[in-house]
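These notes concern the structure reproduced below.
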There are 2 protein chains.
Amino acid sequence: MKDHSVREELVQHASRLIRRRGYNGFSYRDLGDLVGVKTSSIHYHFPAKGDLVFEVMRQYSEMSSLQLNAINADLPLVEQANQHMHSLRYDITLNEICLAGMLPADVLDLPDAVRLQLRAYFEMHEQWLDALLQRAVPERGQAYPVPTLAFAKETE
Amino acid sequence: MKDHSVREELVQHASRLIRRRGYNGFSYRDLGDLVGVKTSSIHYHFPAKGDLVFEVMRQYSEMSSLQLNAINADLPLVEQANQHMHSLRYDITLNEICLAGMLPADVLDLPDAVRLQLRAYFEMHEQWLDALLQRAVPERGQAYPVPTLAFAKETE
DNA sequence: GTCTATACATGGATAGAC
DNA sequence: GTCTATCCATGTATAGAC
């Protein structure tokens with residue numbers, strides 16, 4: 001069953017505030033007003049703002065990980081890709097930017113721990129996709145196309 | 001020749017600060033320290049922070065428009081696409097997010113005028129790409145592929 | 001666990017001297 | 001056009017009563 005504790009409500013509303021306004025775009029007052037508590041109560045649960053965003057990102061990563069692992073690896077690869085897409089599109093249906101898309105904008109103000117969470121999140125998806133595409137190679141009889149427009153290699 | 005007036009330095013450094021920290025992530029103090037003037041001097045040139053970001057975005061849009069129009073429409077379409085990509089990749093070589101990629105994160109705090117600038121910027125690129133792809137149709141003998149994975153149409 | 005009260009820093013902005 | 005000085009709102013955070 002759902003957890004309706006104040007702590008959990010704080011996390012949920014904070015997640016929404018971050019997606020809408022960015023990490024620097026909301027205050028403890030904003031969050032307290034939404035949940036119906038004072039800022040000092042938020043500090044009781046999350047001493048610093050960094051602790052709050054850490055928990056928000058932790059839950060987001062956990063959910064995303066569960067969704068990835070829930071995809072049956074025996075299904076056709078295209079079907080697996082579609083299921084993956086289906087979970088990614090969730091935020092889009094809400095007309096919102098996902099957490100992992102919003103947080104990087106304020107990355108210089110995030111605690112190191114949260115930056116590591118973000119890195120892990122992206123690597124998780126990258127590795128999942130890479131594994132899927134590797135498996136697709138024998139099916140197509142050739143390597144999958146990598147973006148190789150002129151600019152891709154011109155790094156200095 | 002380059003304009004080295006204080007006003008222009010403010011715009012350039014503000015552009016950089018926005019790309020790195022976001023609109024909400026830097027202060028007039030930060031900017032003043034970089035340029036070597038006091039915050040009150042910034043207010044002389046740009047009474048409100050919204051005026052500053054407007055000028056930053058105005059110059060960015062203008063530059064982007066010039067780059068688009070500089071592409072010779074008689075070149076092969078792939079070559080045109082590559083030239084377009086080449087100008088877009090500029091920020092990436094600096095390991096930075098481009099202005100139009102960063103500002104939307106703080107869109108709820110931007111003046112309406114800047115939101116309109118952003119909308120116009122994206123529409124400009126969309127229309128340029130659309131025109132290019134339309135011209136590509138006869139070359140390939142069929143309509144160009146639109147992203148139509150399962151999720152694309154499932155809007156409610 | 002939540003509150004009131006408050007501390008303390010920062011941020012945007014203005015007034016007026018030079 | 002730039003400065004000093006200052007205002008006032010906001011933001012994070014803490015102390016201590018209940």
Side-chain angles (χ1 to χ4, degrees), chain A residues 2-58 102-103 105-115, chain B residues 2-58 102-103 105-115:
Chain A
K2 272 283 179 179
D3 185 350
H4 284 133
S5 67
V6 167
R7 182 190 158 93
E8 196 51 31
E9 288 216 357
L10 288 171
V11 174
Q12 293 307 316
H13 278 96
S15 174
R16 173 150 209 188
L17 281 170
I18 292 171
R19 290 195 306 265
R20 299 210 158 213
R21 321 273 322 222
Y23 178 68
N24 284 330
F26 81 100
S27 71
Y28 265 34
R29 270 190 190 83
D30 300 328
L31 178 57
D33 289 345
L34 281 174
V35 177
V37 295
K38 296 299 178 182
T39 63
S40 50
S41 298
I42 308 177
H43 280 287
Y44 170 79
H45 295 285
F46 304 99
K49 205 180 179 184
D51 301 316
L52 175 61
V53 67
F54 181 88
E55 176 61 16
V56 169
M57 186 61 201
R58 194 195 64 72
M102 201 62 162
L103 283 179
D106 298 309
V107 70
L108 294 180
D109 296 307
L110 296 176
D112 287 342
V114 179
R115 291 186 219 183
Chain B
K2 273 281 176 175
D3 186 348
H4 283 136
S5 67
V6 167
R7 180 189 160 94
E8 195 52 31
E9 288 216 356
L10 288 171
V11 173
Q12 293 307 316
H13 278 95
S15 173
R16 172 146 209 194
L17 281 170
I18 293 171
R19 291 195 307 264
R20 299 212 158 210
R21 320 271 326 218
Y23 178 67
N24 284 331
F26 81 100
S27 70
Y28 265 34
R29 272 189 189 81
D30 299 329
L31 178 57
D33 289 346
L34 281 175
V35 178
V37 295
K38 296 299 178 183
T39 64
S40 50
S41 298
I42 308 177
H43 280 287
Y44 169 79
H45 295 284
F46 303 99
K49 205 180 179 185
D51 300 317
L52 175 60
V53 67
F54 181 88
E55 176 60 15
V56 169
M57 186 62 200
R58 194 194 64 73
M102 200 62 164
L103 283 179
D106 298 310
V107 70
L108 294 181
D109 296 306
L110 296 176
D112 287 341
V114 178
R115 292 186 218 183

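Chain identifiers are assigned alphabetically (A, B, ...) following the order of the sequence lines, protein sequences preceding nucleic acid strands; residue numbering begins at 1 within each chain. The figures that follow rest on heavy atoms only: side chains count, while hydrogens, waters and symmetry mates do not.
Between A/Leu52 atom CG and D/dG11 atom P there is a gap of 15 Å when expressed in whole angstrom units. In this entry the distance linking CG of A/Asp33 with C1' of D/dT10 reads 13 Å, nearest Å. In this structure, CD1 of A/Ile42 is placed 12 Å from P of D/dG11, rounded to the nearest angstrom. As a whole-Å value, the separation of B/Tyr23 OH from C/dG11 P is 14 Å. Atoms CZ (A/Arg21) and C1' (D/dG11) sit 14 Å apart, rounded to a whole Å. At whole-Å resolution of the value, CG in A/Asp51 and P in D/dT12 are 13 Å apart. With rounding to whole Å, B/Asn24 atom CG is found 10 Å from D/dG11 atom P. For the pair B/Glu9 CD and D/dT2 C1', the computed distance is 15 Å after rounding to whole Å.
The side chain of A/Lys49 lies closest to D/dA13, out of C/dA13, D/dA13, C/dT2. Between C/dA13, D/dT12, D/dT2, one nucleotide has an atom nearer to the side chain of A/Tyr28 than all others, and that is D/dT12. When each of D/dC3, D/dT12, C/dT2 is scored by its nearest atom to the side-chain atoms of B/Ser41, the top-ranked nucleotide is D/dC3. Looking at the side chain of A/Tyr44, the nearest of the listed nucleotides D/dA13, C/dT2, D/dG1 is C/dT2. When distances run from any side-chain atom of B/His45 to the nucleotides D/dG1, D/dG11, C/dA13, the shortest one goes to D/dG1. Distances from the side chain of A/Lys38 to the nucleotides C/dT4, C/dA13, C/dG11 place C/dT4 closest.
Rounded to the nearest 0.5 angstrom, A/Ser41 OG and A/His45 NE2 are separated by 6.5 Å. For the atom pair OH of A/Tyr23 and CG of B/Asn24, the computed distance is 13.0 Å after rounding to the nearest 0.5 Å. One distance of note links CD1 of B/Ile42 with CZ of B/Arg7; it measures 13.0 Å at 0.5 Å rounding.
Under 3.5 Å, the side chain of B/Ser40 and the base of C/dT14 form no donor-acceptor pair of N or O atoms.
Nucleotides of DNA chain C nearest to B/Arg29 and A/Gly36 differ in position, and the one nearer the 5' end is that of A/Gly36. Nearer the 5' end of DNA chain D, as judged by each residue's closest nucleotide, is the contact made by B/Arg7, out of B/Thr39 and B/Arg7.
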Decide side-chain contact (heavy atoms from CB on, under 4.5 Å) for A/Lys49 and A/Phe26; before the verdict, give the C-alpha distance in whole Å, the side-chain angles of both, and the deciding distance to 0.1 Å.
CA-CA 10 Å; A/Lys49 205 180 179 184; A/Phe26 81 100; 3.7 Å; yes
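At a threshold of 4.0 angstrom between heavy atoms, the contacts of A/Phe46 with the nucleic acid are absent.
Taking a cutoff of 4.0 Å between a charged side-chain nitrogen and a carboxylate oxygen, B/Asp30 and B/Arg21 do not qualify as a salt bridge.
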